[in-house]
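Note sheet for the following structure.
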Protein chains: 2
Amino acid sequence: MSSRHPALRLFLRRLQQRSILNEEEQAAILSIKGRQAEIEPHRDIIRPGELTDFSCLIVSGFAARFGQLDNGHRQITAIHIAGDMCDLYSLMLPKVEWALQALSARLAILKVAHRDLLDLVHAYPGIAEAFWRDCVADGSITSQWVVNIGRRDARMRTAHLFCEIGVRMERAGLGRRTAFPLSAVQTQLADALGMTPVHMNRIIRGLRRDNLLIIQGRDVQVPDWDRLAAAGSFDGGYLAMDESWRLS
Amino acid sequence: MSSRHPALRLFLRRLQQRSILNEEEQAAILSIKGRQAEIEPHRDIIRPGELTDFSCLIVSGFAARFGQLDNGHRQITAIHIAGDMCDLYSLMLPKVEWALQALSARLAILKVAHRDLLDLVHAYPGIAEAFWRDCVADGSITSQWVVNIGRRDARMRTAHLFCEIGVRMERAGLGRRTAFPLSAVQTQLADALGMTPVHMNRIIRGLRRDNLLIIQGRDVQVPDWDRLAAAGSFDGGYLAMDESWRLS
DNA sequence: CGGAGTCTTGATCCCGTTCAAGCAGCGTGG
DNA sequence: CCACGCTGCTTGAACGGGATCAAGACTCCG
């Protein structure tokens with residue numbers, strides 16, 4: 001049990017980038033109660049087919065939403081960073097269809113009961129709208145992934161993903177878009193981009209050779225943002241994170 | 001101006017498949033006012049970058065959400081059928097990032113002012129939740145598309161898409177999953193599945209040769225549903241259309 | 001020191017693209 | 001009535017991006 005958990009500040013900050021919340025609503029968000037848990041890598045937080053009664057706020061680390069195929073292949077459909085309430089949608093559709101899994105070692109989450117979230121939603125219309133809006137933004141990102149995987153070649157795809165993560169990390173206050181931590185192995189990036197680990201490796205090597213990316217252990221650096229953005233023809237509008245949203 | 005428009009009945013039916021609405025809320029949905037319009041094919045209903053103040057309820061025909069790339073390539077990220085309020089998400093993020101376009105000739109829509117929808121949302125919490133839930137379901141479908149395009153080969157992908165459309169048409173009361181109208185040309189299906197029109201043609205020919213699909217003009221028939229579903233390893237759970245959702 | 005996981009590299013193969021052309025249906029206009 | 005042009009469907013041939021198979025190298029850790 002914890003109140004005013006640091007992750008709640010991140011979460012509130014996230015919501016406020018897209019929605020306006022009054023004092024009372026802000027306080028209500030910050031007083032959300034949850035149970036913290038550490039998740040080991042490759043361990044499912046949520047298994048598809050289950051009926052859930054909680055959502056997961058990421059405290060630190062990375063998590064991903066997985067789709068799984070009969071033949072054992074997996075496809076990541078979303079990557080979540082600290083401050084994301086990564087399965088907020090399960091509040092509306094508690095029978096989840098997607099596995100949620102730690103991307104990296106050292107994933108810490110805060111499990112928040114649906115009951116508590118629903119109470120918030122019913123008591124504060126502004127919070128309901130903010131949650132709804134965040135679910136829509138999540139969908140916008142997923143749509144962009146469809147475009148990315150469907151119509152861009154491997155190199156563009158990869159550059160685009162690094163741009164997206166960079167911008168999201170920066171806006172979350174977890175780094176700069178040109179320098180941020182990313183603890184995901186190449187196999188997982190491949191699963192996110194719909195390609196094989198071998199090819200993922202070659203593409204990343206290429207990006208490093210061309211000095212578009214510098215990757216050292218868990219740290220990513222972008223020497224020249226504009227060139228990387230051009231290589232991925234990245235336009236962050238779909239992230240719905242600039243101020244133009246702030247109209248009720 | 002119209003009230004109790006037939007499309008509103010479809011829309012209400014859609015909402016009620018996922019959410020519980022009381023009498024008053026049902027009546028409120030049915031009394032939504034809108035301006036009907038006929039859209040020509042290849043004409044944008046909504047252009048990306050615009051600020052919208054209305055949403056589109058499809059009366060008849062098909063519409064699609066498009067992502068566009070610098071090189072002119074397009075990727076469809078969602079297909080909408082009659083009864084879909086196809087850009088409900090713009091209610092929360094009025095600055096749209098996606099083009100919305102007629103997929104077929106003979107698309108009729110009902111333009112509904114955001115103002116009216118927001119009034120409904122504020123007056124009836126049940127409607128707000130139903131709208132929110134539908135946005136989440138839309139996101140679930142988009143996630144499935146990521147899996148489909150990212151990890152399935154062309155034949156599976158195609159079979160999967162036909163299964164999805166079949167089930168959605170059936171649930172909307174617009175046909176049976178084994179026999180439904182679909183007015184989309186092969187080029188557009190290719191844009192939805194991230195492939196070239198030429199290859200799309202070959203795959204469809206293959207499915208017809210194997211008697212998995214019968215396509216005559218605008219009508220699709222599925223001689224053996226189970227075989228088609230197997231060919232696409234289709235499991236409709238992600239559509240969130242069975243009754244298990246009906247818990248508030 | 002051995003083993004597991006990750007990164008790296010090479011060789012070969014194939015699914016899907018690309019380029020190109022022919023064909024069928026259909027509305028339009030001479 | 002046929003010629004035409006347009007749009008969508010179909011087919012062939014050749015190419016290439018990414019997959020697949022296989023093995024070696026590095027790092028971390030027990």
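- Atom P of nucleotide C/dC14 and atom CE of A/Met195 are separated by 21 Å, given to the nearest angstrom.
- B/Met200 places its CE atom 16 Å from the P atom of C/dT18, with the value rounded to the nearest Å.
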Q. Taking it one step at a time, do B/Tyr238 and B/His160 satisfy ring-ring contact (aromatic ring centres under 6.0 Å, His included)?
A. CA-CA 12 Å; B/Tyr238 70 95; B/His160 194 278; 5.8 Å; yes
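- Summarising the geometry, the separation between CG on A/Asp191 and C1' on D/dG18 is reported as 15 Å, rounded to the nearest angstrom.
- A donor-acceptor contact under 3.5 angstrom links the side chains of B/Ser233 and B/Arg152, judged on distance only.
- Contacts of B/Arg208 with the nucleic acid, taken as non-hydrogen atoms under 4.0 Å apart, involve only primed sugar atoms and P, OP1 or OP2.
- Here the P atom of nucleotide D/dG18 and the CG atom of B/Asp153 are 17 Å apart, to the nearest Å.
- For the pair B/His199 and A/Val185, both in contact range of DNA chain C, the more 5′-proximal nearest nucleotide belongs to A/Val185.
- Within the structure, every side-chain polar atom (N or O) of A/Asn201 is placed at least 4.0 Å from both OP1 and OP2 of C/dC7.
- Test A/Asp138, A/Asp87, A/Asp191 against A/Arg65 for salt bridge (charged side-chain N to carboxylate O under 4.0 Å, His left out) and you get one pass: A/Asp138.
- Enclosure of atom CZ in B/Arg176 is not indicated, since only 12 or fewer non-hydrogen atoms of other residues, nucleotides or ligands lie within 6.0 angstrom.
- In this structure, the CG atom of A/Asn71 is 13 Å from the C1' atom of D/dA19, given to the nearest Å.
- Atom CD1 in A/Ile203 sits roughly 13 Å away from atom C1' in D/dG16 (whole-Å rounding).
- An OP1 or OP2 oxygen of C/dG5 is reached within less than 4.0 angstrom by no side-chain nitrogen or oxygen of A/Gln186.
- Across all strands, A/Arg205 comes closer than 4.0 Å only to sugar-phosphate atoms, never to a base (heavy-atom distances).
- Taking CD from A/Gln186 and NE2 from A/His199, the interatomic distance works out to 12.5 Å, rounded to the nearest 0.5 Å.
- No engagement by B/Gly217 is indicated, since no non-hydrogen atom pair under 4.0 Å with the nucleic acid exists.
- Rounded to a whole Å, the CZ atom of B/Arg152 is 18 Å from the P atom of C/dC15.
- Atoms NE2 (B/His42) and P (D/dT7) sit 9 Å apart, rounded to a whole Å.
- In this structure, of D/dG18, C/dG16, D/dA13, it is D/dA13 that holds the atom nearest to the side chain of B/Arg202.
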